[in-house]
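Below is one structure, written out as C-alpha cells; comments come after it.
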Amino acid sequence: MDDGLADLLHRVVMLLGEAARQRNDDPGGLTYSQIRLLGTLEDIEPVTQHRLAQALSVSDPAISRSLRPLEAGGLVQITIDPEHARRRLVRLTEAGRDAFHTAGKPLYDELRAGLVAAGFPYERYLEDTLRLAEFLASE
C-alpha cells in the first residue's frame with residue numbers, strides 16, 4: 001500500500017473528528033467516534049459487542065470502553081444474550097437514536113452536501129472507499 005494514501009486516509013479521519021467537535025455546541029456532547037458508533041449500531045442492532053467491534057474495526061476491549069459512557073448516558077442498552085450467557089447484546093435506546101439523528105445524521109448530511117457542492121463525486125468516492133476497505137479486509 002502506498003504510504004501516502006494511508007497517511008491521507010488517516011488525516012481525513014482526523015479532520016472528520018475535528019469537524020464533528022467544532023459543530024458540536026455542547027462541550028460535553030458526542031464525539032465523532034461516538035456518533036460513528038451510534039450510527040453503526042442503528043444499522044446492525046441488536047448486535048453482540050464483539051460484532052459491533054468488528055464492524056467498527058476496533059478491539060473488544062476498546063468497544064467495551066466506548067460503550068460505558070453511552071450506556072451510563074442512557075444512549076445504549078447492553079443486555080445478556082439469552083442464547084449465550086457470556087455474550088452481550090447492544091441496542092440503541094430511543095435517547096440514543098434521537099442523539100444520533102440530532103448530532104450525527106446532520107453531520108453526515110452536511111459532509112455529503114459540502115462534498116457534492118465542491119464538485120467531488122461523492123457516490124464514486126463512497127464506492128471506491130468501500131472497495132478498498134473490502135480489499136484490505138480480505139488480505
Side-chain angles (χ1 to χ4, degrees):
M1 173 184 239
D2 175 11
D3 287 337
L5 177 60
D7 289 342
L8 283 172
L9 289 173
H10 179 73
R11 183 166 184 246
V12 166
V13 170
M14 299 305 291
L15 290 170
L16 284 171
E18 185 58 31
R21 282 186 287 284
Q22 288 176 1
R23 284 165 178 73
N24 195 342
D25 294 330
D26 177 9
L30 296 172
T31 66
Y32 177 68
S33 295
Q34 290 172 323
I35 290 169
R36 196 171 153 253
L37 189 154
L38 294 176
T40 300
L41 188 54
E42 182 177 58
D43 290 341
I44 63 175
E45 70 174 329
V47 65
T48 64
Q49 282 187 212
H50 177 71
R51 177 67 191 107
L52 181 59
Q54 288 177 321
L56 291 166
S57 300
V58 300
S59 68
D60 287 346
I63 200 68
S64 292
R65 285 189 303 273
S66 296
L67 286 169
R68 281 185 207 127
L70 296 174
E71 182 181 33
L75 302 179
V76 300
Q77 178 186 38
I78 303 172
T79 58
I80 295 172
D81 185 341
E83 295 178 17
H84 193 292
R86 292 185 61 195
R87 286 193 301 224
R88 302 289 179 259
L89 290 176
V90 185
R91 292 182 171 79
L92 281 177
T93 62
E94 282 306 310
R97 195 172 317 284
D98 291 345
F100 173 69
H101 284 272
T102 299
K105 186 91 170 68
L107 178 66
Y108 291 159
D109 293 344
E110 182 181 330
L111 172 66
R112 180 186 183 137
L115 289 172
V116 169
F120 288 95
Y122 180 85
E123 293 302 324
R124 192 189 92 217
Y125 281 10
L126 184 62
E127 290 171 15
D128 289 347
T129 304
L130 180 59
R131 273 190 21 234
L132 176 60
E134 290 172 347
F135 171 75
L136 294 173
S138 70
E139 297 238 322

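Just so you know, these numbers come straight off a predicted model, no measurement behind them.
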Point to revise | Side-chain touch Thr93/Val76, heavy atoms, less than 4.5 angstrom | key: no

Review point. Atom CZ in Arg68, atom CD1 in Ile78: separation rounded to 0.5 Å?
Key: 9.0 Å

**Study point:** Heavy-atom side-chain proximity of Leu75 to Leu30 below 4.5 angstrom
**Key:** yes

For residues 51-62, which side-chain N or O atoms pair as donor and acceptor with protein atoms under 3.5 Å away, sequence neighbours left out?
| from | atom 1 | to | atom 2 | distance (Å) |
| --- | --- | --- | --- | --- |
| Gln54 | NE2 | His50 | NE2 | 3.2 |
| Ser59 | OG | Ala62 | N | 3.1 |
| Asp60 | OD1 | His50 | ND1 | 3.0 |
| Asp60 | OD2 | His50 | ND1 | 3.0 |

Point to revise | Separation of Leu15 CG from His10 NE2 (nearest 0.5 Å) | key: 9.5 Å

**Study point:** Ala95 versus Gly74, closest heavy-atom pair with distance
**Key:** CB-O, 3.7 Å

Point to revise | Side-chain heavy atoms of Thr79 within contact of Arg91, under 4.5 Å | key: yes

Point to revise | Donor-acceptor pair, side chain of Glu45 and main chain of Leu92, under 3.5 angstrom | key: yes

Practice item. Mark yes when over 12 heavy atoms from residues, nucleotides or ligands other than Glu83 sit less than 6.0 Å from its CD; otherwise mark no. Key: no

Practice item. Can you see which heavy atom on His101 is nearest to which on Pro106, and at what distance? Key: O-CD, 3.1 Å

Review point. Salt bridge check: are Arg124 and Glu127 linked by an N-O gap of less than 4.0 Å?
Key: no

Check your understanding: Within a strict 4.5 Å, meaning less than it, do heavy atoms of the Arg88 and Ile80 side chains meet?
Key -> yes

Review point. Would Val13 and Ile63 show up in the same hydrophobic cluster when neighbours are defined by side-chain heavy atoms closer than 4.5 Å?
Key: no

Review point. Going from CG on Leu132 to OH on Tyr125, what distance comes out if it is rounded to the nearest 0.5 angstrom?
Key: 13.5 Å

Practice item. Taking the side chain as every heavy atom from C-beta outward, state whether Leu5 and Leu9 have any pair of such atoms under 4.5 Å apart. Key: yes

Check your understanding: Atom OG in Ser33, atom CG in Leu70: separation rounded to 0.5 Å?
Key -> 10.5 Å

Exercise for review: Look at Asp128 together with Arg131 and state whether they make a salt bridge at an N to O cut-off of under 4.0 Å.
Suggested key: yes

**Study point:** Partner set under salt bridge (Lys or Arg N to Asp or Glu O under 4.0 Å) for Glu134, not counting sequence neighbours
**Key:** none

Check your understanding: Rounded to the nearest 0.5 Å, how far apart are CG of Asp43 and CZ of Phe100?
Key -> 7.5 Å

Review point. Which heavy atom in Ser66 sits nearest to a heavy atom in Leu37, and how many Å separate them?
Key: CB-CD1, 3.8 Å

Review point. So, the side chain of Ser138 versus the backbone of Phe135: is there a donor-acceptor pair under 3.5 Å, distance only?
Key: yes

Review point. Should Tyr32 and Leu38 be regarded as members of a common hydrophobic cluster, given that ILVMFWY residues are connected when their side-chain heavy atoms come within less than 4.5 Å of each other, either directly or indirectly?
Key: yes

Check your understanding: Considering all heavy atoms of both residues, which atom of Leu89 and which atom of Pro82 are nearest to each other, and what is their separation?
Key -> CD1-CD, 4.0 Å

Check your understanding: Would you call Tyr108 and Arg36 a side-chain contact if the rule is heavy atoms closer than 4.5 Å?
Key -> yes

Point to revise | Pair Glu42 + Lys105: basic N to acidic O under 4.0 Å | key: no

Point to revise | Contacts of type salt bridge (Lys or Arg N to Asp or Glu O under 4.0 Å), residue Glu110, not counting sequence neighbours | key: Arg23

